[in-house]
Amino acid sequence: MGASTALVSQERGALGRMSCNPAIGGLAKGQLVREVDALGGEMGLCTDETGIQFRMLNSSKGPAVRSPRAQVDREAYNRAMVRRVLGVPGLYVLEGEVVRLLSRPAGGLDAWGLEGVELADGRVLEAEATILTTGTFLGGVLHRGPLETEGGRFGEASASRLSVELKLLGLRLGRHKTGTPPRLDRESIDFSSLEAQPGDAEPCAFSFRSPPLVLEQTPCWITRTTAATHRIVADHAELSPMFTGRIQGPGPRYCPSIEDKVVRFSDRESHQIFLEPEGASSREIYPNGISTSLPDEVQEAFLRTIPGLEEVRMLRPGYAVEYDHLQTDQLRADLSVSGIRGLYSAGQINGTSGYEEAAAQGLVAGINAVLFTRGDPPFHPERSESYVGVLVDDLCRVNPREPYRMFTSRAEHRLYLRQANADLRLSALGADFGILPRAAADRARARTARIQAAVSLLGQHRLEGKNLETWLRRPGMNLEDLRVHLPALSDLGLTAEDVLEVEAEVKYRPYLERYARERERLEELSAVPLPPDWDFQSFAALKQEARDVLSKRRPRTLAQARNLPGVTPADLSVLLVELRRG
């Protein structure tokens, strides 16, 4: 966007270093990465360059819930991202630790105005806007059994003095926790008894700008914990800092540690584990599903009760990390921090988990920091436009009680917000901001024209009294079945991806139109009272988080329900349906 920018990192070579599993994307996270790519971000391109396995999750389900996921070569991804960042004109990477935020009293809505930062070595960087992307390093503490050390990641120091600075400026901080599993020696694992999980026969690139992928994909493997595993973990659970009280922050509910799984789900006989290679030729294996902070000797003991790992060698133990984050009711919709003019934040400091959520926020915060320095209106991504908009809106409305993770169920417009049409939705915006090359936006515009022309043709031509659009909505029907009745389709130059998008556009249209009418109706009924005796727990379509908060707070109207933390627009739609039934 043309702004002279300094990126301060404790280690230049750590840019793009993956703290947790060597994978990008996944359910709903894949949508975020494709949106980051459509806006001009680097994550998708870097994934395609260094990926070792590509899969489309939920491929047997509808287009709205399909999500791309890739295993990447951890070291190659790190090197590729360092190369990309260092090659950006106007971006200066400085090694150091930020210890002070240079501020002055400000008038208006903000108590302070930020003028730059000071580094630990005394250097001062003056800036009109500052973005904090501290990850798990802000006040970070590593836990492993009785061991407790300062750090934001294995072998790397934390940034503790910045926490003090934020509190001095009047900001409220919370604590979150996350964890990582031990790393295993590939050569000590018996894969012969394990189920292999290969990549897709026709891998799909993450980036709309990448050429078709041609690679020899590396498999993952699936194993499970056993009764013996659970017995060892349960017998030593009191040694975990999670249960001794040394860790105060909540961890991610949807990615619990193995000790948490064993204690909370004592009726489960086993839990699935994915053995993920850290690279095509790496000796390290990441056992996804058994993050832990138990002592080293306990980790080694329970690992050897798992099929395929009977003789395993542990290269590095797992650990938990606890860190500071901002209470997100202090965030504005442009990811600026309320009360401090010129300060923005993105990633785990905003209470989220995951590389993908952090990348999406970083893009929004970066765009808005530049717009702020220009005196231009801020960029507020809408929920109806993108998963990025859902993410940012959720963070500003709710103080996450645990690290926030994106799910397709959080997006009430998910029928429209498909991973395959992210370029159609957002490329023009990325080009207007100057982030996405104009040629990429032009390709997206041409693709939109092809798809709209195909949909128009289907609506114009009839077969047995019905237009072909209606025929395409029949179960099991696809565009190829109709080509014989509409030869003009062949003149449009549709790609295989275009064909899938035409089918999704046509099949989902009635639902999207009905949803739009429902949203209008919801606005009209916002003042309608809710029955005081409603049993919210009995509404199976509500998320459990919404059931709990509605049962506790007992809102009197839909409008009151809408303002409760944890109640999404999708939950409001469920309440509207229940009102109609009543």
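Keep in mind that what you see is a predicted model, and the values were worked out from it rather than measured.
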Backbone of [Y] reached by a side-chain donor or acceptor of [X] within 3.5 Å:
| X | Y | result |
| --- | --- | --- |
| T136 | G152 | yes |
| S257 | D260 | yes |
| Y355 | C20 | yes |
| S103 | L114 | no |
| Q53 | T218 | yes |
| T5 | A3 | yes |
| E148 | H143 | no |
| T373 | V370 | yes |
| N368 | A365 | no |
| D73 | A76 | yes |

**Request:** Check the pair R153 / S19 against side chain to side chain donor-acceptor pair (under 3.5 Å), numbers first and verdict last.
**Result:** CA-CA 7 Å; R153 183 164 54 199; S19 302; 2.8 Å; yes
**Asked** Taking the six-membered ring of Y77 as reference, does the NZ or CZ atom of R17 fall below 6.0 Å from its centre and within a 45° cone about the axis?
**Response** no
**Message:** On the six-membered ring of F208, is R34 placed so that its NZ or CZ lies under 6.0 angstrom from the centre and within 45° of the ring axis?
**Reply:**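 Flagged: R34 positioned over aromatic ring of F208.
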Heavy-atom closest pair, residues [X] and [Y]:
| X | Y | result |
| --- | --- | --- |
| V388 | V364 | CG1-CG2, 3.5 Å |
| E259 | S293 | OE2-N, 3.1 Å |
| F154 | Y319 | N-OH, 3.0 Å |
| G139 | D324 | CA-OD2, 3.9 Å |
| H413 | S384 | CD2-CA, 3.5 Å |
| L138 | S163 | CG-OG, 3.4 Å |

So how far is it from [X] [atom1] to [Y] [atom2], rounded to the nearest 0.5 Å?
| X | Y | atom1 | atom2 | answer |
| --- | --- | --- | --- | --- |
| L162 | R100 | CG | CZ | 11.5 Å |
| L132 | S345 | CG | OG | 6.5 Å |
| E97 | R161 | CD | CZ | 5.0 Å |
| L343 | T130 | CG | OG1 | 6.5 Å |

Verify the neighbour count for atom [atom1] of [X]: are there more than 12 heavy atoms of other residues, nucleotides or ligands below 6.0 Å?
| X | atom1 | answer |
| --- | --- | --- |
| Q272 | CD | yes |
| R341 | CZ | no |
| E297 | CD | yes |
| E238 | CD | yes |

**Prompt:** Could you go step by step and tell me if E322 and R175 meet the salt bridge (charged side-chain N to carboxylate O under 4.0 Å, His left out) rule?
**Reply:** CA-CA 7 Å; E322 192 177 22; R175 295 287 277 176; 3.7 Å; yes
Looking at side-chain heavy atoms only, is the closest gap between [X] and [Y] below 4.5 Å?
| X | Y | value |
| --- | --- | --- |
| L326 | L173 | yes |
| T292 | P182 | yes |
| T328 | Y404 | no |
| V98 | E118 | no |
| S67 | K29 | no |
| P22 | Y286 | yes |

**R443 and D423: CA distance, side-chain angles, deciding distance, salt bridge (charged side-chain N to carboxylate O under 4.0 Å, His left out) verdict** = CA-CA 9 Å; R443 287 195 296 272; D423 60 331; over 6 Å; no
**Complete:** salt bridge (Lys or Arg N to Asp or Glu O under 4.0 Å) test vs E276 passes for just one of R74, R55, R69, R183, namely R69
**Asked** Which residue, E382, E385, E35, forms the salt bridge (Lys or Arg N to Asp or Glu O under 4.0 Å) with R425?
**Response** E35
**Donor on one side chain, acceptor on other, T352 and N350, under 3.5 Å** =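 Checked: T352/N350 side chains show no N/O donor-acceptor pair below 3.5 Å.
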**Prompt:** Regarding S207 and D37, is there a side-chain donor-to-acceptor distance under 3.5 Å anywhere?
**Reply:**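 On atom types as modelled, these side chains qualify, holding a pair under 3.5 Å.
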**Request:** Please list, chain by chain and in numerical order, all residues satisfying salt bridge (charged side-chain N to carboxylate O under 4.0 Å, His left out) with R405, sequence neighbours excluded.
**Result:** none
**Full working for ring-ring contact (aromatic ring centres under 6.0 Å, His included) between F379 and F433** = CA-CA 10 Å; F379 166 49; F433 282 132; 5.2 Å; yes
**Asked** Where do R123 and D121 land on the salt bridge (charged side-chain N to carboxylate O under 4.0 Å, His left out) test, with the steps shown first?
**Response** CA-CA 6 Å; R123 283 179 292 175; D121 61 8; 2.8 Å; yes
